[in-house]
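Per chain, numbering begins at 1; letters A, B, ... match sequence-line order. Atoms considered below: every heavy atom in the structure, side chains included; atoms not considered: hydrogens, waters and symmetry mates.
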Protein chains: 2
Amino acid sequence: MPTVSSEELAAAAGVNSAKLRKDFSYLGSYGTRGVGYDVEYLVYQISRELGLTQDWPVVIVGIGNLGAALANYGGFASRGFRVAALIDADPAMAGKPVAGIPVQHTDDLEKIIDENGVSIGVIATPAGAAQPVCDRLVAAGVTSILNFAPTVLSVPDGVDVRKVDLSIELQILAFHEQRKAGEEAEAQAGAAAPAERGDQGEGPDGDVPAVMPA
Amino acid sequence: MPTVSSEELAAAAGVNSAKLRKDFSYLGSYGTRGVGYDVEYLVYQISRELGLTQDWPVVIVGIGNLGAALANYGGFASRGFRVAALIDADPAMAGKPVAGIPVQHTDDLEKIIDENGVSIGVIATPAGAAQPVCDRLVAAGVTSILNFAPTVLSVPDGVDVRKVDLSIELQILAFHEQRKAGEEAEAQAGAAAPAERGDQGEGPDGDVPAVMPA
DNA sequence: ATGTCTTTGTGAACGCGTGCACAAAGATGG
DNA sequence: CCATCTTTGTGCACGCGTTCACAAAGACAT
Ligand SMILES: NC(=O)c1ccc[n+]([C@@H]2O[C@H](COP(=O)([O-])OP(=O)(O)OC[C@H]3O[C@@H](n4cnc5c(N)ncnc54)[C@H](O)[C@@H]3O)[C@@H](O)[C@H]2O)c1
Ligand SMILES: NC(=O)c1ccc[n+]([C@@H]2O[C@H](COP(=O)([O-])OP(=O)(O)OC[C@H]3O[C@@H](n4cnc5c(N)ncnc54)[C@H](O)[C@@H]3O)[C@@H](O)[C@H]2O)c1
């Protein structure tokens, strides 16, 4: 039975082993003291808890540059997501296949959501169309939305929205970049450079805490 | 002189006014007691601190579905980012314009980085090519990388990497989605549903803290 | 069966970000 | 010039997540 210790996993992930064990403990006691965790069983338990064991039908609305790229992306299927339908407002696109899936017109949005039992929608329309599209998706029964349009969406309680803003990603990089330059210039001033985070910035998260003094 | 109070700003942003004031205080004391903050001056100071006042040349490597979509995206320019060059390994693409910018071949990568003074690179190649491309970018002087390939990149100290993993965004939504369904089923069991966050999930950040008991 | 050795699971301490509460600053009006 | 009123800037306390440290559990050898 292949096993891994929390120490090994923690080292590989670059985190503290105690935290990793405590996190696992929320799923139950799946480890064996003196041995570690059964890899296969652990993978299954985590997958199940994260919802990776079921497959989720997803619709993409707005099949332009970005929407088409998303439709073509094979990485979703491997994580349990299935592109159930592509929707666009442009009549010229209706019926035209993108990534092997025929694009359907916005008029049928409600029907498509309903027939496919979709609860997750991706919005890749221009900013102006995002809120109206969002409203229709929600009204049709979608309760989770991934929004690429540069707009803050208003949704009722119970609906989750995640916004992906690529400009902000670049801004965060630029912020650190600017800071690097500043530190070099001040390197002669004696003060040591502050500790740098070494992670792979999983998203535009709790970053950028301290700011340089005036 | 148009001004805003920390209270107004906090309400608009949906955060605590004390936190907002404390954050601003790291930039210096730009407010006037009894009045508030001079809007124009505040915007300038924040922009400067965030590095929004300078424009950053950026190169995109891997001009496929995603890379082309990024190149066509106008939202970057408005935030101070300029697409300085597009690079792809496919000889057939060399010279072909995408979004008005001719695609250049990977062979010239180092020269392109150097001549344009690029310090920020975007990787949109297949996963297998990401690390080699990353190494070349870093060797050529790039110190910030936005990675779309589903790979964890190894970089030397001093180089920042941010990874955008769209599958993880969907997974987070699916996780909450699964949980919603679970709560409905357990609604009869008496325990009240835990408080739900109402924000717009700026990235795959410090989310998903507590996990359901076994 | 008993002892030893490894690794888990978790109570307790620590550190840090967030929010409260208020004194100080400064504008404004009399 | 003084009184009053608004809003900033910040010390302090609270809460939560992270880390430490260790007892308990269990495998494995003798
Ligand atoms: N391209 C990028 O890399 C990128 C990056 C970040 C954000 N974004 C954002 O993503 C969105 C899409 O970008 P894009 O480059 O694909 O734009 P695009 O113009 O190429 O595509 C937009 C598509 O949406 C369709 N559309 C318009 N109104 C619609 C509606 N009401 N219902 C359904 N479909 C509708 C259009 O027909 C078009 O096909 C934009 O909001 C953009 O700001 C794009
Ligand atoms: N399309 C999406 O929505 C999406 C979403 C998430 C992640 N991704 C990831 O982004 C990357 C690109 O996705 P895509 O859909 O655009 O793929 P794609 O196959 O359409 O494009 C890849 C491009 O990279 C070029 N390339 C290959 N090797 C290269 C090298 N060594 N140097 C320079 N260029 C090279 C290819 O010529 C091609 O043009 C992939 O890693 C994919 O997993 C894509």
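Residue A:N16 is the one, among A:G34 and A:N16, whose nearest nucleotide of DNA chain D lies closer to the 5' end (criterion: closest heavy atom). When the nearest nucleotides of DNA chain C are assigned to B:T32 and A:S25 by heavy-atom distance, the more 5′-ward of the two goes with A:S25.
With hydrogens and angles ignored, a donor-acceptor pair closer than 3.5 Å exists between the side chain of B:R33 and the base of D:dT8. Side-chain atoms of B:K19 and base atoms of C:dG17 include no donor and acceptor less than 3.5 Å apart. A:K22 contributes a side-chain N or O that forms a donor-acceptor pair with the base of D:dT19 under 3.5 Å.
A centroid separation of less than 6.0 Å is found between the aromatic rings of A:Y30 and A:Y41.
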Begin from the C-alpha positions of A:I120 and A:F81 and carry the test side chain to side chain contact (heavy atoms under 4.5 Å, CB included) through to its verdict. CA-CA 10 Å; A:I120 300 178; A:F81 297 99; 4.2 Å; yes
Could you walk me through whether B:Q54 and A:E177 satisfy the side chain to side chain contact (heavy atoms under 4.5 Å, CB included) test, starting with their C-alpha distance in whole Å, then the side-chain angles of each, then the deciding distance to 0.1 Å, before giving a yes or no? CA-CA 11 Å; B:Q54 40 188 303; A:E177 197 64 37; over 6 Å; no
With side chain to side chain donor-acceptor pair (under 3.5 Å) as the criterion, how do A:R48 and A:T53 come out once you've worked through the C-alpha distance, each side chain's angles and the decisive distance to 0.1 Å? CA-CA 5 Å; A:R48 189 181 52 77; A:T53 50; over 6 Å; no
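Nucleotide C:dC5 holds its P atom 19 Å from the CD atom of A:E7, rounded to whole Å. Rounding to whole angstrom units, CG of residue A:D38 and P of C:dT8 are separated by 13 Å. Spacing between atom CG of B:L9 and atom P of D:dT7 amounts to 13 Å, rounded to whole angstrom units. Distance, A:F24 CZ to C:dT7 P: 15 Å, rounded to whole Å. Here D:dT8 presents its P atom at 14 Å from CG of B:L27, a figure rounded to the nearest Å. Distance, B:Y26 OH to C:dT18 C1': 11 Å, rounded to whole Å. Going from atom CG of A:L42 over to atom P of C:dT8 covers 11 Å, rounded to whole Å. In this entry the distance linking CZ of B:R21 with P of C:dA25 reads 16 Å, nearest Å.
Using a 4.0 Å cut-off, some side-chain N or O of A:Y37 falls inside it from OP1 or OP2 of C:dG9. In this model, the phosphate group of C:dT7 is not approached by any side-chain N or O of A:S6 to a distance below 4.0 Å at OP1 or OP2.
Salt-bridge annotation for B:R79 and A:D165: present, with a side-chain N of the basic residue lying under 4.0 Å from a carboxylate O of the acidic one.
Within 4.0 Å of B:S17, counting heavy atoms only, lies no atom of the nucleic acid at all.
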